[in-house]
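To keep things clear, I will list the structure first and then write my remarks on it.
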Amino acid sequence: MLEGQKENKFNQFVENNVILKQGFIDKRVGLFSRRRMLLLTTGPHLYYVDSGNMVLKGEIPWSLDLKTEAKNFKTFFVYTPNRTYYLEDPTGFALEWCKAIDDVRNFYFRSNAEG
């Protein structure tokens, strides 16, 4: 996995974190959607990149309160205390995105919540 990480063209955006899952998503802002590469990494981090211009566009902030919801096979939401992110996986793997994000959240924040 780490060998492939060096070859990944999106590695430059993840601040030496390991990319656990990546894929194109449509990120809705108002009435418009923008195609972005979503990168779930150790840390934890959720970066989104404009792959056409190879520019980091932002990061979804992590907290104990971050939650996901799959609306259907394509559409899913990431809820943070200050914002809801409306995301669509054109390949229909929204459930897998939610599971992966939840698994990473539980790994990093479960021990804090129980303590």
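Residue indices begin at 1 and follow the sequence shown. Predicted model, so just to flag it, every value in this text is computed and none were measured.
- Interatomic distance, Leu20 CG to Leu40 CG, rounded to the nearest 0.5 Å: 5.0 Å.
- Between Thr80 and Ile60 there is a side-chain heavy-atom pair separated by less than 4.5 Å.
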(request) For Phe13 and Met37, run side chain to side chain contact (heavy atoms under 4.5 Å, CB included): C-alpha distance rounded to whole Å, both residues' side-chain angles, the deciding distance at 0.1 Å, then the answer. (result) CA-CA 11 Å; Phe13 301 110; Met37 174 58 69; over 6 Å; no
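- Ring pair Tyr86/Phe77 is perpendicular by interplanar angle, where above 60° counts as perpendicular and below 30° as parallel.
- A salt bridge links Arg36 to Asp50: one of the charged nitrogens lies within less than 4.0 Å of a carboxylate oxygen.
- Contact check on Lys74 versus Asp89 returns no salt bridge, with no Lys/Arg side-chain nitrogen under 4.0 Å from an Asp/Glu carboxylate oxygen.
- Considering NE2 of His45 and CD of Glu15, their distance stands at 5.5 Å, rounded to 0.5 Å.
- Other members of the hydrophobic cluster containing Leu95, listed by chain and number, are Phe73; membership follows side-chain contacts under 4.5 Å among ILVMFWY residues, whether direct or relayed.
- When all heavy atoms of Glu59 and Tyr85 are compared, the closest pair comes out as O-OH, 4.1 Å.
- Between Cys98 and Phe76, the shortest heavy-atom distance links the atoms SG-CB, 3.7 Å.
- Residues Val18 and Trp62 fall within the same hydrophobic cluster, defined by Ile, Leu, Val, Met, Phe, Trp and Tyr side chains chained together at heavy-atom separations under 4.5 Å.
- Atoms CD1 and CG, on Ile101 and Leu87 in that order, are 7.5 Å from each other to the nearest 0.5 Å.
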(request) Apply side chain to side chain contact (heavy atoms under 4.5 Å, CB included) to the pair Leu39 and Val49, showing each step before the final yes or no. (result) CA-CA 8 Å; Leu39 305 167; Val49 176; 3.8 Å; yes
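- For Tyr48 against Arg83, the heavy-atom pair with the smallest separation is OH-NH1, 4.3 Å.
- Put simply, the side chain of Gln12 gets close to the backbone of Lys9: a donor and an acceptor are under 3.5 Å apart.
- Tyr79 and Ile25 fall into different hydrophobic clusters, where Ile, Leu, Val, Met, Phe, Trp and Tyr side chains are chained together by heavy-atom contacts under 4.5 Å.
- Atom-to-atom distance recorded for Lys71:NZ and Glu69:CD is 9.0 Å, nearest 0.5 angstrom.
- Thr42 places no side-chain N or O within donor-acceptor distance of the main-chain N or O of Pro44, the cut-off being under 3.5 Å.
- Counting only N and O atoms by type, the side chains of Asn11 and Asn8 include no donor and acceptor under 3.5 Å apart.
- Both Tyr108 and Leu64 are part of a single hydrophobic cluster, where members link through side-chain heavy atoms under 4.5 Å apart.
- Looking at every heavy atom in both residues, Lys21 comes nearest to Trp97 through CE-CD2, 3.4 Å.
- Distance check, rounded to the nearest 0.5 Å: OG of Ser63 to CZ of Arg105 gives 7.5 Å.
- Atom CG of Leu46 sits about 5.5 Å away from atom CG of Leu38, to the nearest 0.5 Å.
- Annotation: side chain of Tyr47 is in contact with side chain of Val14 (closest heavy-atom distance under 4.5 Å).
- Contact detail for Asn72 and Ala94: the closest heavy-atom pair is O-CB, 3.5 Å.
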